[in-house]
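Contents: one structure, followed by commentary.
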Amino acid sequence: MKVAFFDIAAQYRALRYEIDAAVRHVLESGRYSNATENAAFEKELGAYLGVREVVAVNSGTDALLLSLKALGIGADDEVIVPSFTFFATAEAVCLAGAQPRFADCANGAFNIDLRSVEDAFSPKVKAVIAVHLYGQPVDLAPIQEFCAARNLHLIEDCAQALGAAYRGRRVGTLGVAGAFSFYPTKNLGACGDGGAICCDDPELAAHLRRLRNHGRTSAFSHSEIGINSRLDEIQAAILRVKLPHLDHWNARRLALAQRYRIGLQNTRCILPPGCNSSTSVFHHFAVIHPQRNALRAFLAEHDVETAIYYPTPCHLQSAFGNGVNALSLPQAERNADHMLALPIYPELSDIAIDHVVSLVRAFEQG
Ligand SMILES: *Cc1c(COP(=O)(O)O)cnc(C)c1O
(Lines give C-alpha, C1' and ligand atoms only; values in the text may rest on other atoms or scores of the structure.)
Protein backbone atom coordinates (compact mmCIF):
# COMPACT_ATOMS: atom_id res chain seq x y z
CA MET A 1 0.00 0.00 0.00
CA LYS A 2 1.42 3.36 -1.05
CA VAL A 3 0.89 6.26 1.35
CA ALA A 4 1.77 9.63 -0.16
CA PHE A 5 2.82 12.52 2.08
CA PHE A 6 0.47 15.01 0.36
CA ASP A 7 -2.48 14.76 -2.00
CA ILE A 8 -2.75 18.39 -3.03
CA ALA A 9 -5.22 17.86 -5.89
CA ALA A 10 -7.69 15.87 -3.75
CA GLN A 11 -9.53 18.99 -2.59
CA TYR A 12 -9.76 20.22 -6.16
CA ARG A 13 -11.24 16.89 -7.25
CA ALA A 14 -13.83 17.08 -4.45
CA LEU A 15 -14.82 20.69 -5.22
CA ARG A 16 -14.16 20.73 -8.96
CA TYR A 17 -17.47 22.21 -10.11
CA GLU A 18 -17.51 25.04 -7.57
CA ILE A 19 -13.84 25.90 -8.13
CA ASP A 20 -14.14 25.80 -11.93
CA ALA A 21 -17.20 28.07 -11.77
CA ALA A 22 -15.49 30.51 -9.39
CA VAL A 23 -12.38 30.74 -11.59
CA ARG A 24 -14.45 31.15 -14.75
CA HIS A 25 -16.42 33.92 -13.07
CA VAL A 26 -13.22 35.85 -12.34
CA LEU A 27 -11.83 35.26 -15.83
CA GLU A 28 -15.02 36.56 -17.43
CA SER A 29 -15.19 39.60 -15.12
CA GLY A 30 -11.89 41.02 -16.42
CA ARG A 31 -11.04 42.11 -12.84
CA TYR A 32 -8.03 40.10 -11.82
CA SER A 33 -6.48 42.13 -9.01
CA ASN A 34 -7.67 43.73 -5.77
CA ALA A 35 -11.41 43.60 -6.53
CA THR A 36 -14.59 41.97 -5.23
CA GLU A 37 -13.24 38.45 -4.54
CA ASN A 38 -10.50 39.90 -2.33
CA ALA A 39 -12.93 42.07 -0.42
CA ALA A 40 -15.35 39.17 0.10
CA PHE A 41 -12.60 36.77 1.14
CA GLU A 42 -11.23 39.25 3.67
CA LYS A 43 -14.69 39.62 5.19
CA GLU A 44 -15.35 35.89 5.31
CA LEU A 45 -11.97 35.06 6.83
CA GLY A 46 -12.47 37.86 9.39
CA ALA A 47 -15.83 36.35 10.40
CA TYR A 48 -14.26 32.88 10.63
CA LEU A 49 -11.46 34.15 12.88
CA GLY A 50 -13.67 36.46 14.92
CA VAL A 51 -11.55 39.50 14.18
CA ARG A 52 -12.31 42.98 12.77
CA GLU A 53 -9.76 43.23 9.99
CA VAL A 54 -8.19 40.89 7.47
CA VAL A 55 -5.74 42.11 4.83
CA ALA A 56 -5.05 39.63 2.02
CA VAL A 57 -1.52 39.57 0.62
CA ASN A 58 0.61 37.50 -1.73
CA SER A 59 2.25 35.07 0.73
CA GLY A 60 2.76 34.15 4.36
CA THR A 61 6.23 35.63 4.16
CA ASP A 62 4.80 38.98 3.06
CA ALA A 63 2.18 38.75 5.81
CA LEU A 64 5.02 38.59 8.37
CA LEU A 65 7.14 41.23 6.62
CA LEU A 66 4.28 43.72 6.32
CA SER A 67 3.16 43.12 9.93
CA LEU A 68 6.67 44.05 11.09
CA LYS A 69 6.87 47.09 8.80
CA ALA A 70 3.41 48.34 9.78
CA LEU A 71 4.43 48.14 13.44
CA GLY A 72 7.44 50.34 12.66
CA ILE A 73 10.05 47.62 13.15
CA GLY A 74 13.20 48.12 11.08
CA ALA A 75 16.90 48.96 11.25
CA ASP A 76 18.45 48.76 14.76
CA ASP A 77 15.54 46.69 16.03
CA GLU A 78 15.60 43.05 17.06
CA VAL A 79 12.82 40.49 17.01
CA ILE A 80 12.74 37.25 19.00
CA VAL A 81 11.80 34.24 16.86
CA PRO A 82 12.01 30.50 17.47
CA SER A 83 14.98 28.87 15.78
CA PHE A 84 12.96 25.73 15.07
CA THR A 85 10.60 27.03 12.39
CA PHE A 86 10.43 27.49 8.65
CA PHE A 87 13.16 29.83 7.42
CA ALA A 88 10.62 32.50 6.34
CA THR A 89 9.76 33.43 9.94
CA ALA A 90 13.27 34.74 10.53
CA GLU A 91 13.80 35.82 6.93
CA ALA A 92 10.88 38.27 7.23
CA VAL A 93 12.64 39.95 10.17
CA CYS A 94 15.73 40.52 8.01
CA LEU A 95 13.63 41.70 5.06
CA ALA A 96 12.17 44.34 7.38
CA GLY A 97 15.74 45.46 8.11
CA ALA A 98 15.80 44.14 11.69
CA GLN A 99 17.78 41.29 13.29
CA PRO A 100 16.34 37.99 14.53
CA ARG A 101 17.23 36.73 18.00
CA PHE A 102 16.73 33.00 18.20
CA ALA A 103 14.95 31.22 21.03
CA ASP A 104 14.82 27.50 21.78
CA CYS A 105 11.89 25.11 22.05
CA ALA A 106 10.38 24.04 25.33
CA ASN A 107 11.78 20.80 26.71
CA GLY A 108 10.37 17.86 24.74
CA ALA A 109 8.26 20.15 22.56
CA PHE A 110 8.34 21.81 19.15
CA ASN A 111 7.13 25.27 20.13
CA ILE A 112 8.96 28.23 21.65
CA ASP A 113 9.88 28.27 25.33
CA LEU A 114 9.32 31.27 27.60
CA ARG A 115 12.64 30.80 29.39
CA SER A 116 14.56 30.88 26.14
CA VAL A 117 12.58 33.96 25.06
CA GLU A 118 13.72 35.63 28.28
CA ASP A 119 17.33 34.66 27.50
CA ALA A 120 17.05 36.14 24.00
CA PHE A 121 15.78 39.48 25.26
CA SER A 122 17.84 42.64 24.75
CA PRO A 123 16.97 46.33 24.96
CA LYS A 124 16.77 46.40 21.15
CA VAL A 125 13.99 43.80 21.01
CA LYS A 126 10.70 45.30 19.78
CA ALA A 127 8.65 42.20 19.06
CA VAL A 128 8.25 38.46 19.51
CA ILE A 129 7.01 36.18 16.74
CA ALA A 130 5.30 33.08 18.16
CA VAL A 131 5.01 30.26 15.60
CA HIS A 132 2.21 27.74 16.06
CA LEU A 133 4.33 24.99 14.53
CA TYR A 134 2.62 21.97 12.94
CA GLY A 135 -0.76 23.57 13.78
CA GLN A 136 -0.24 23.16 17.56
CA PRO A 137 -0.90 26.43 19.42
CA VAL A 138 1.93 27.87 21.46
CA ASP A 139 1.12 28.18 25.16
CA LEU A 140 0.68 31.92 24.68
CA ALA A 141 -0.38 33.23 28.08
CA PRO A 142 3.16 33.47 29.51
CA ILE A 143 4.47 34.97 26.25
CA GLN A 144 1.63 37.51 26.23
CA GLU A 145 2.56 38.48 29.78
CA PHE A 146 6.25 38.75 28.89
CA CYS A 147 5.43 41.04 25.95
CA ALA A 148 2.97 43.18 27.89
CA ALA A 149 5.49 43.74 30.70
CA ARG A 150 8.10 45.06 28.22
CA ASN A 151 5.84 46.79 25.73
CA LEU A 152 6.73 44.37 22.94
CA HIS A 153 4.52 43.54 19.98
CA LEU A 154 3.38 39.92 19.85
CA ILE A 155 3.00 38.66 16.28
CA GLU A 156 1.62 35.19 15.62
CA ASP A 157 2.95 33.16 12.69
CA CYS A 158 -0.15 31.07 11.93
CA ALA A 159 1.03 29.80 8.53
CA GLN A 160 0.49 26.21 9.72
CA ALA A 161 -2.34 26.83 12.14
CA LEU A 162 -5.41 28.39 10.50
CA GLY A 163 -8.39 27.26 12.57
CA ALA A 164 -6.44 26.21 15.66
CA ALA A 165 -7.66 27.63 18.96
CA TYR A 166 -6.07 28.63 22.26
CA ARG A 167 -8.32 29.07 25.31
CA GLY A 168 -11.37 29.24 23.05
CA ARG A 169 -10.01 31.82 20.59
CA ARG A 170 -8.65 31.26 17.12
CA VAL A 171 -4.90 31.69 16.88
CA GLY A 172 -3.93 34.88 15.09
CA THR A 173 -6.28 36.94 17.28
CA LEU A 174 -4.22 36.74 20.47
CA GLY A 175 -1.42 39.14 19.60
CA VAL A 176 -1.32 42.45 17.74
CA ALA A 177 -1.31 40.72 14.34
CA GLY A 178 -1.62 37.19 12.96
CA ALA A 179 0.05 36.07 9.73
CA PHE A 180 -1.38 33.29 7.55
CA SER A 181 -0.17 31.45 4.44
CA PHE A 182 -2.29 29.82 1.74
CA TYR A 183 0.61 28.06 0.05
CA PRO A 184 -0.89 24.92 -1.59
CA THR A 185 0.25 22.49 1.13
CA LYS A 186 -1.15 24.52 4.06
CA ASN A 187 -4.44 23.54 5.76
CA LEU A 188 -6.24 26.11 3.60
CA GLY A 189 -4.33 26.03 0.34
CA ALA A 190 -4.70 28.19 -2.75
CA CYS A 191 -3.66 27.02 -6.23
CA GLY A 192 -0.53 29.13 -5.96
CA ASP A 193 0.77 31.60 -3.40
CA GLY A 194 -1.33 33.60 -0.98
CA GLY A 195 -1.35 35.01 2.52
CA ALA A 196 -3.23 37.25 4.94
CA ILE A 197 -2.81 39.32 8.07
CA CYS A 198 -5.52 39.69 10.70
CA CYS A 199 -5.75 42.32 13.39
CA ASP A 200 -8.32 44.19 15.47
CA ASP A 201 -7.02 47.68 14.80
CA PRO A 202 -8.51 49.50 11.78
CA GLU A 203 -5.56 51.93 11.62
CA LEU A 204 -3.05 49.11 11.51
CA ALA A 205 -5.16 47.43 8.82
CA ALA A 206 -5.26 50.64 6.76
CA HIS A 207 -1.48 50.87 7.04
CA LEU A 208 -1.14 47.23 5.91
CA ARG A 209 -3.41 47.93 2.92
CA ARG A 210 -1.14 50.81 1.87
CA LEU A 211 2.03 48.77 2.35
CA ARG A 212 0.81 45.85 0.22
CA ASN A 213 0.06 48.28 -2.61
CA HIS A 214 3.24 50.39 -3.07
CA GLY A 215 2.55 52.68 -0.13
CA ARG A 216 -0.32 54.09 -2.13
CA THR A 217 -2.78 56.61 -0.71
CA SER A 218 -4.52 57.21 -4.06
CA ALA A 219 -3.91 56.22 -7.70
CA PHE A 220 -0.63 58.13 -8.09
CA SER A 221 0.19 59.28 -4.57
CA HIS A 222 2.54 57.28 -2.37
CA SER A 223 3.13 58.24 1.26
CA GLU A 224 5.80 55.62 1.98
CA ILE A 225 7.78 52.76 0.45
CA GLY A 226 5.64 49.66 0.27
CA ILE A 227 5.78 46.52 -1.86
CA ASN A 228 3.56 44.80 -4.39
CA SER A 229 1.86 42.05 -2.43
CA ARG A 230 -1.67 41.70 -3.69
CA LEU A 231 -3.61 38.44 -3.65
CA ASP A 232 -4.82 37.44 -7.13
CA GLU A 233 -8.59 37.50 -7.57
CA ILE A 234 -8.47 33.93 -8.87
CA GLN A 235 -6.77 32.75 -5.67
CA ALA A 236 -9.22 34.69 -3.51
CA ALA A 237 -12.13 33.08 -5.38
CA ILE A 238 -10.67 29.59 -4.87
CA LEU A 239 -10.04 30.26 -1.18
CA ARG A 240 -13.67 31.40 -0.80
CA VAL A 241 -14.85 28.04 -2.13
CA LYS A 242 -12.57 26.15 0.25
CA LEU A 243 -12.94 28.16 3.47
CA PRO A 244 -16.40 26.76 4.41
CA HIS A 245 -14.86 23.25 4.38
CA LEU A 246 -11.87 24.08 6.57
CA ASP A 247 -13.37 23.16 9.96
CA HIS A 248 -14.48 19.81 8.62
CA TRP A 249 -11.01 19.14 7.13
CA ASN A 250 -9.31 20.17 10.37
CA ALA A 251 -11.62 17.90 12.39
CA ARG A 252 -10.61 15.01 10.15
CA ARG A 253 -6.92 15.81 10.75
CA LEU A 254 -7.61 15.76 14.50
CA ALA A 255 -9.32 12.35 14.22
CA LEU A 256 -6.38 10.93 12.25
CA ALA A 257 -3.93 12.32 14.82
CA GLN A 258 -5.92 10.61 17.55
CA ARG A 259 -5.70 7.34 15.60
CA TYR A 260 -1.92 7.71 15.33
CA ARG A 261 -1.74 8.49 19.05
CA ILE A 262 -3.58 5.34 20.05
CA GLY A 263 -1.77 3.20 17.47
CA LEU A 264 1.71 4.40 18.41
CA GLN A 265 1.30 3.91 22.17
CA ASN A 266 4.11 1.81 23.65
CA THR A 267 6.37 2.34 20.67
CA ARG A 268 9.60 4.33 20.85
CA CYS A 269 7.93 7.28 19.13
CA ILE A 270 7.64 10.29 21.41
CA LEU A 271 4.29 11.77 20.48
CA PRO A 272 3.46 15.47 20.14
CA PRO A 273 2.49 16.95 23.49
CA GLY A 274 -1.24 17.50 23.87
CA CYS A 275 -2.64 20.55 25.65
CA ASN A 276 -5.98 20.89 27.42
CA SER A 277 -6.37 24.58 26.69
CA SER A 278 -5.84 24.39 22.95
CA THR A 279 -7.04 22.67 19.78
CA SER A 280 -4.40 21.70 17.24
CA VAL A 281 -5.17 21.52 13.53
CA PHE A 282 -2.34 19.02 12.87
CA HIS A 283 -0.79 20.58 9.81
CA HIS A 284 1.82 17.90 10.50
CA PHE A 285 1.84 14.88 12.78
CA ALA A 286 5.38 14.95 14.11
CA VAL A 287 7.02 12.31 16.27
CA ILE A 288 10.47 12.15 17.81
CA HIS A 289 12.24 8.84 17.20
CA PRO A 290 15.72 7.79 18.40
CA GLN A 291 16.40 6.09 15.03
CA ARG A 292 14.68 8.65 12.87
CA ASN A 293 16.75 8.20 9.70
CA ALA A 294 16.56 4.40 9.76
CA LEU A 295 12.81 4.50 10.43
CA ARG A 296 12.35 6.96 7.58
CA ALA A 297 14.31 4.71 5.19
CA PHE A 298 12.30 1.65 6.30
CA LEU A 299 9.00 3.45 5.67
CA ALA A 300 10.24 4.64 2.26
CA GLU A 301 11.14 1.06 1.34
CA HIS A 302 7.54 0.19 2.09
CA ASP A 303 6.12 3.04 -0.02
CA VAL A 304 5.25 5.34 2.88
CA GLU A 305 6.40 8.92 2.34
CA THR A 306 7.49 10.99 5.33
CA ALA A 307 9.18 14.37 5.72
CA ILE A 308 11.53 16.25 8.02
CA TYR A 309 10.53 19.73 9.14
CA TYR A 310 13.16 21.05 9.64
CA PRO A 311 16.53 19.36 9.28
CA THR A 312 18.42 22.58 10.09
CA PRO A 313 17.26 25.04 12.76
CA CYS A 314 17.46 28.68 11.71
CA HIS A 315 20.33 29.54 14.05
CA LEU A 316 22.48 27.04 12.10
CA GLN A 317 21.53 28.33 8.63
CA SER A 318 24.44 29.97 6.83
CA ALA A 319 22.15 32.85 5.82
CA PHE A 320 22.08 33.84 9.50
CA GLY A 321 25.85 33.53 10.01
CA ASN A 322 27.79 36.34 11.64
CA GLY A 323 28.07 35.11 15.17
CA VAL A 324 24.61 33.75 15.86
CA ASN A 325 26.00 30.38 14.79
CA ALA A 326 27.85 30.23 18.09
CA LEU A 327 24.49 29.79 19.79
CA SER A 328 23.59 26.42 21.17
CA LEU A 329 19.86 25.68 21.27
CA PRO A 330 19.75 22.02 22.29
CA GLN A 331 16.01 21.37 21.94
CA ALA A 332 15.86 22.84 18.44
CA GLU A 333 18.90 20.77 17.47
CA ARG A 334 17.42 17.60 18.97
CA ASN A 335 14.17 18.18 17.08
CA ALA A 336 16.03 18.72 13.81
CA ASP A 337 17.91 15.46 14.28
CA HIS A 338 15.03 13.31 15.49
CA MET A 339 11.65 14.59 14.30
CA LEU A 340 9.71 12.78 11.62
CA ALA A 341 6.46 13.97 10.03
CA LEU A 342 4.06 11.12 9.21
CA PRO A 343 1.41 11.56 6.50
CA ILE A 344 -1.72 13.38 7.67
CA TYR A 345 -4.36 15.10 5.54
CA PRO A 346 -8.15 15.02 5.50
CA GLU A 347 -8.42 12.65 2.54
CA LEU A 348 -6.19 9.99 4.13
CA SER A 349 -8.03 6.80 5.15
CA ASP A 350 -8.04 5.19 8.59
CA ILE A 351 -6.57 2.12 6.92
CA ALA A 352 -3.57 4.15 5.72
CA ILE A 353 -2.89 5.33 9.30
CA ASP A 354 -3.16 1.75 10.60
CA HIS A 355 -0.75 0.65 7.87
CA VAL A 356 1.83 3.29 8.85
CA VAL A 357 1.45 2.33 12.51
CA SER A 358 1.99 -1.36 11.75
CA LEU A 359 5.12 -0.52 9.74
CA VAL A 360 6.53 1.50 12.65
CA ARG A 361 5.93 -1.51 14.88
CA ALA A 362 7.50 -3.86 12.35
CA PHE A 363 10.56 -1.58 12.19
CA GLU A 364 10.94 -1.59 15.96
CA GLN A 365 10.60 -5.35 16.20
CA GLY A 366 13.11 -5.45 13.31
C1 LIG B 1 4.73 28.38 5.05
C2 LIG B 1 5.27 29.14 6.19
C3 LIG B 1 5.63 30.51 6.08
C4 LIG B 1 5.71 31.23 4.79
O5 LIG B 1 4.55 31.23 4.04
P6 LIG B 1 4.68 31.42 2.43
O7 LIG B 1 3.25 31.58 2.02
O8 LIG B 1 5.31 30.19 1.89
O9 LIG B 1 5.48 32.63 2.18
C10 LIG B 1 6.03 31.16 7.23
N11 LIG B 1 6.09 30.54 8.40
C12 LIG B 1 5.79 29.23 8.56
C13 LIG B 1 5.86 28.62 9.90
C14 LIG B 1 5.38 28.49 7.45
O15 LIG B 1 5.08 27.19 7.60
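Counting starts at 1 for both ligands and their atoms, following the listed order. All values below were derived from every heavy atom in this structure, side-chain atoms included, with hydrogens, water molecules and symmetry-related copies excluded.
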What class does the angle between the rings of F298 and F363 fall in, given that below 30° is parallel, 30 to 60° is tilted and above 60° is perpendicular?
tilted

Parallel, tilted or perpendicular: which one describes the rings of F320 and F87, with boundaries at 30° and 60°?
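Rings of F320 and F87: tilted, 30 to 60°.
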
Can you check which of [options] brings a heavy atom nearest to [atom]?
atom                    : options          : answer
atom 12 (C) of ligand 1 : A63, A90, A159   : A159
atom 4 (C) of ligand 1  : I129, T61, L133  : T61
atom 15 (O) of ligand 1 : H284, H283, Q160 : Q160

Within the 4.0 Å heavy-atom shell around [X], which atoms of ligand 1 are there?
X    : value
G60  : 5 (O), 6 (P), 7 (O), 9 (O)
V131 : 13 (C)
F86  : 2 (C), 3 (C), 12 (C), 14 (C)
T85  : 13 (C)
T89  : 11 (N)
S181 : 5 (O), 6 (P), 7 (O)

Among protein heavy atoms, which sits nearest to atom 2 (C) of ligand 1, and what does the distance come to when rounded to 0.1 Å?
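Here the closest protein heavy atom is K186 NZ, 2.6 Å.
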
Provide, to 0.1 Å, the distance between atom 13 (C) of ligand 1 and the closest protein heavy atom, together with that atom's residue and name.
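I find the closest protein heavy atom is D157 OD2, 3.5 Å.
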
Quick check: closest heavy atoms across S328 and P330, and the distance to 0.1 Å?
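In this case the closest contact between S328 and P330 is O-CD, 3.5 Å.
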
Using a distance-only test with no angle check, is there a side-chain donor-acceptor pair under 3.5 angstrom linking N38 and E233?
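Short answer, yes.
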
Please check if any side-chain donor atom of Y12 sits under 3.5 Å from a side-chain acceptor atom of D20, or the reverse.
yes

Could you tell me whether the side chain of C147 reaches within less than 4.5 Å of the side chain of H153, counting heavy atoms only?
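In short, these two side chains do not touch, never coming nearer than 4.5 Å.
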
Going by heavy atoms in the side chains, are L342 and L299 under 4.5 Å from each other?
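L342 vs L299: side chains touch.
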
I need the contact type for D62 against ligand 1. Using non-hydrogen atoms and a strict under-4.0 Å cut-off, is it side chain, backbone, both or neither?
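For D62, no heavy atom sits under 4.0 Å from ligand 1.
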
Which bit of S59 is near ligand 1, meaning a heavy atom under 4.0 Å away: side chain, backbone, both or neither?
both

Which residue in the set R31, R240, Q235 passes side chain to side chain donor-acceptor pair (under 3.5 Å) when paired with E37?
R240

What distance do I351 atom CD1 and M1 atom CE have between them, rounded to the nearest 0.5 Å?
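So the gap between those two atoms works out to 6.0 Å.
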
